[in-house]
> 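My questions will all concern the structure given below.
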Amino acid sequence: MGCDNCKENKSIKCTVTQCANHCDTADYCSLSTIQVGTHEANPTMVECTDCTSFQLKK
Ligand code: SF4
């Protein structure tokens, strides 16, 4: 499997293929670091958290 442009970060697994930072050929992020945040005042479950490094693939 060719992966010439893919710089997957094996420390950041991700399945969000709609993200511009996602590695197309494997389920990893290509960034060296990501920022995780929340959109809730008092997060209580996984759905409350977000990858704020997400960028919509154009
Ligand atoms: S920036 Fe966040 S959502 Fe996008 S590929 Fe990386 S970990 Fe996934």
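Each ligand, and each atom within it, is numbered from 1 in the order the structure gives.
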> Considering only heavy atoms of Cys14, which atoms of ligand 1 have at least one such atom less than 4.0 Å away?
3 (S), 5 (S), 7 (S), 8 (Fe)
> Counting from 1, what ligand 1 atoms have a heavy atom of His22 closer than 4.0 Å?
5 (S)
> Would you compute the distance between atom NE2 of His22 and atom OH of Tyr28 and round it to the nearest 0.5 angstrom?
10.0 Å
> Among all protein heavy atoms, pick out the one at the shortest distance from atom 4 (Fe) of ligand 1; state its residue, atom name and that distance to 0.1 Å.
Cys19 SG, 2.3 Å
> Got Asp27 and Lys13 here, is their nearest side-chain heavy-atom distance under 4.5 Å?
no
> Could you confirm whether Cys51 has any N/O/S atom lying under 2.8 Å from atom 8 (Fe) of ligand 1?
no
> When you compare the side chain of Leu31 with that of Gln55, does any pair of heavy atoms fall below 4.5 Å?
no
> Does any part of the side chain of Cys29, heavy atoms only, come nearer than 4.5 Å to the side chain of Ile34, both counted from C-beta?
yes
> Rounded to the nearest 0.5 Å, what's the gap from SG on Cys23 to CG on Asn9? Could you check?
10.5 Å
> Quick one: look up the protein heavy atom nearest atom 6 (Fe) of ligand 1 and list residue, atom name and how far away it is.
Cys29 SG, 2.3 Å
> Please work out whether any backbone atom (N, CA, C, O) or any side-chain heavy atom from C-beta onward of Ser53 is under 4.0 Å from ligand 1, and answer side chain, backbone, both or neither.
both
